[in-house]
Amino acid sequence: MIQLIRGFKDILPGEIETWQVVEKTAASLFEDFGFKEIRIPIMERTEVFARSIGEDTDIVEKEMYTFPDRKGELITLRPEATASIVRSYIQHKMYASDPVQKFYTIGPMFRRERPQKGRYRQFYQINVEIFGVASPLADVELIFLLATLCSRLGIEDVKAHINSLGCPACRPDYRQALAKYLAEVDDKLCADCRRRRTRNPLRVLDCKVPSCREAMADAPSILDYLCDDCRVDFDTVKDFLDKLKVAYVIDKRLVRGLDYYARTTFEMQTGVLGAQSAVAGGGRYDGLVKLLGGPDQPATGFAIGLDRLAEIVGSQQAAPVKKPPVYVAALGEKGQHEAFQWICRFGMEGINVEMDFGSRSLKAQMKRADRLGAAYVLIVGENELSQGSAILRNMATKEQVEIPIDNIVNRVKEIISNRG
Ligand code: HAM
């Protein structure tokens with residue numbers, strides 16, 4: 001038997017309904033806040049991601065699905081959407097009409113991580129990005145949207161973690177202080193962190209290895225190194241989150257796994273998903289549009305891990321199951337041919353009607369109707385056809401009525417809609 005690839009998964013009916021609820025709730029919330037949907041390709045030239053996310057990140061170093069296409073050009077299955085959206089914003093000169101552009105997109109991402117609960121190699125994200133707004137209020141709006149979405153989905157055990165990563169003016173000082181500290185605790189760090197220590201010291205703050213966590217307990221905090229502009233910016237974020245009554249914690253270890261961030265970064269974290277606590281993550285990435293060859297426009301955004309969010313929602317409430325209101329039990333070839341035309345017309349009327357395409361007995365067909373949860377069964381055989389009528393059985397009351405075949409779709413529609 002051929003099995004799917006490790007870390008990939010099928011999302012089957014029964015589970016997909018929860019995903020649909022999450023996607024629809026998110027899309028409608030984002031549309032209400034003026035975000036427009038954008039769809040970008042699943043593959044890009046490798047450099048789009050390598051330059052944006054950073055060569056020294058786990059994603060670029062070891063997690064991307066990168067391969068040469070038939071002409072030898074290196075292409076990558078997208079590990080995230082932000083870099084592609086920036087590429088698109090620049091390529092289509094979207095900033096020319098109005099630098100302020102607000103997008104959302106939903107789709108699969110690919111990272112070759114070690115699979116575990118809540119962590120997959122193909123996973124889905126809901127991305128939201130704002131271009132052209134330097135004000136920290138855009139960051140506040142994003143965190144507010146995340147909190148509102150969680151509350152609309154009935155998720156309680158979730159909290160915003162926020163931090164500031166400073167800017168090119170103040171971060172170098174912090175990096176230096178951190179590097180000095182890391183040199184002192186070098187022997188307590190894991191092999192990965194020792195390597196990261198010189199190339200990308202901030203990443204060490206994020207390491208989950210217990211000995212590294214312990215070694216980093218007294219590490220200097222970036223918040224003590226912010227320049228005046230970054231400090232005012234971060235204070236504004238906190239102030240407006242307070243005003244909007246969004247609960248948050250300041251998390252000085254929150255450095256995120258991608259290099260493009262500056263100033264405010266945030267994650268929505270939960271305790272219900274085991275090791276994978278981040279349901280969403282994002283932050284400001286003011287330098288990225290310029291880095292990829294566009295104008296110097298600020299930007300900020302986030303991505304929700306849809307698999308994780310759907311898992312939480314699904315564990316809290318059962319997915320709504322769609323049941324056909326009517327099942328047609330057709331007997332004999334003539335009955336089936338007639339019934340088939342009815343189900344097509346019912347479908348056109350927006351009513352899902354199922355039937356059996358085999359030649360099973362009435363009893364077997366009634367059983368199947370029951371299993372599918374049909375409220376009514378429409379019975380039609382050669383006898384009924386010759387009399388120009390069919391029988392409609394109410395499965396709850398067991399009541400049966402004769403319905404003339406002439407205009408039957410509308411007649412049945414009326415009966416089932418009167419039922420409420
Ligand atoms: P990220 O933190 O790498 O950020 O991913 C965002 C979310 O995607 C995570 O919080 C998590 O819920 C989910 N996620 C990431 N990797 C996996 C995985 N292997 N399996 C399941 N879920 C996963 C970004 O991707 C940025 N592009 C976010 C952003 C948008 N920043 C600014 N704009």
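As a basis for the values below, the full set of heavy atoms in this structure was taken, side chains included, without hydrogen atoms, waters or symmetry mates. Ligands are counted one by one from 1 in listed order, and the atoms in each one are counted from 1 as well.
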Identify the closest protein heavy atom to atom 30 (C) of ligand 1: which residue and atom is it, and at what distance?
T82 OG1, 3.0 Å
Look at the rings of F302 and F266 and say which category their plane angle falls in: under 30° parallel, 30 to 60° tilted, over 60° perpendicular.
perpendicular
Counting heavy atoms only, which part of R121 comes closer than 4.0 Å to ligand 1: side chain, backbone, both or neither?
neither
What do we get for I59 next to ligand 1 when only non-hydrogen atoms under 4.0 Å count, side chain, backbone, both or neither?
neither
Could you tell me whether N127 and ligand 1 have an N or O pair separated by under 3.5 Å?
no
Candidate with minimal heavy-atom separation from atom 23 (C) of ligand 1, of Y261, F123, Y285:
F123
Report yes if some heavy atom in the side chain of F340 is under 4.5 Å from a heavy atom in the side chain of Q336; otherwise report no.
no
Using a strict 4.0 Å cut-off to heavy atoms of E113, name the atoms of ligand 1 that fall inside it.
16 (N), 17 (C), 18 (C), 19 (N)
Where's the contact between T300 and ligand 1, heavy-atom distance under 4.0 Å: side chain, backbone, both or neither?
neither
Nearest-neighbour protein heavy atom for atom 7 (C) of ligand 1, which is reported as residue plus atom name and distance:
A303 O, 3.6 Å
Would you call the rings of F110 and F8 parallel, tilted or perpendicular, taking 30° and 60° as the class edges?
tilted
Quick one about Y65 and Q122 (side-chain donor to acceptor, distance below 3.5 Å, no hydrogens or angles considered), yes or no?
no
Do side-chain atoms of T46 reach the backbone of L74 as a donor and acceptor pair under 3.5 angstrom?
yes
Side-chain contact, heavy-atom cut-off 4.5 Å: Q269 with S277?
yes
Going through the distances and angles, do R111 and E80 end up as a salt bridge (Lys or Arg N to Asp or Glu O under 4.0 Å)?
CA-CA 9 Å; R111 293 183 196 174; E80 60 119 43; 5.5 Å; no
Name of the residue among V133, L288, V100, D286 meeting side-chain contact (heavy atoms from CB on, under 4.5 Å) with P298
D286
Side chain, backbone, both or neither: which applies to R119 and ligand 1 if a contact is any heavy-atom pair less than 4.0 Å apart?
both
Can you find a side-chain donor-acceptor pair between D259 and T57 that sits under 3.5 Å?
no
For atom 21 (C) of ligand 1, what is the closest protein heavy atom, and at what distance to 0.1 Å?
G118 O, 3.2 Å
I need the nearest protein heavy-atom contact for atom 20 (N) of ligand 1: residue, atom name and distance, please.
Y120 N, 3.0 Å
Taking atom 9 (C) of ligand 1 as the reference point, the nearest protein heavy atom with its distance
A278 O, 4.1 Å
Provide, to 0.1 Å, the distance between atom 33 (N) of ligand 1 and the closest protein heavy atom, together with that atom's residue and name.
E129 OE1, 2.7 Å
Hey, looking at atom 5 (O) of ligand 1, which of R112, E311, Q125 has the closest heavy atom?
Q125
among protein heavy atoms, the one nearest atom 13 (C) of ligand 1 is G305 CA, 3.5 Å
With heavy atoms under 4.0 Å as the rule, classify the contact between M109 and ligand 1 as side chain, backbone, both or neither.
neither
Which one holds for A280 and ligand 1: side chain close, backbone close, both close, or neither close, with close meaning a heavy atom under 4.0 Å?
backbone
Report the C-alpha separation of Q176 and Y225 in whole Å, then their side-chain angles, then the decisive distance to 0.1 Å, and conclude whether the side chain to side chain donor-acceptor pair (under 3.5 Å) test is met.
CA-CA 11 Å; Q176 219 174 352; Y225 287 80; over 6 Å; no
Kindly identify the option in R114, E80, R111 whose heavy atom sits closest to atom 3 (O) of ligand 1.
R111
To the nearest 0.5 Å, tell me how far M395 CE sits from L372 CG.
9.5 Å
At under 4.0 Å between heavy atoms, is it the side chain or the backbone of R256 that contacts ligand 1, or both, or neither?
side chain
What do we get for F110 next to ligand 1 when only non-hydrogen atoms under 4.0 Å count, side chain, backbone, both or neither?
neither
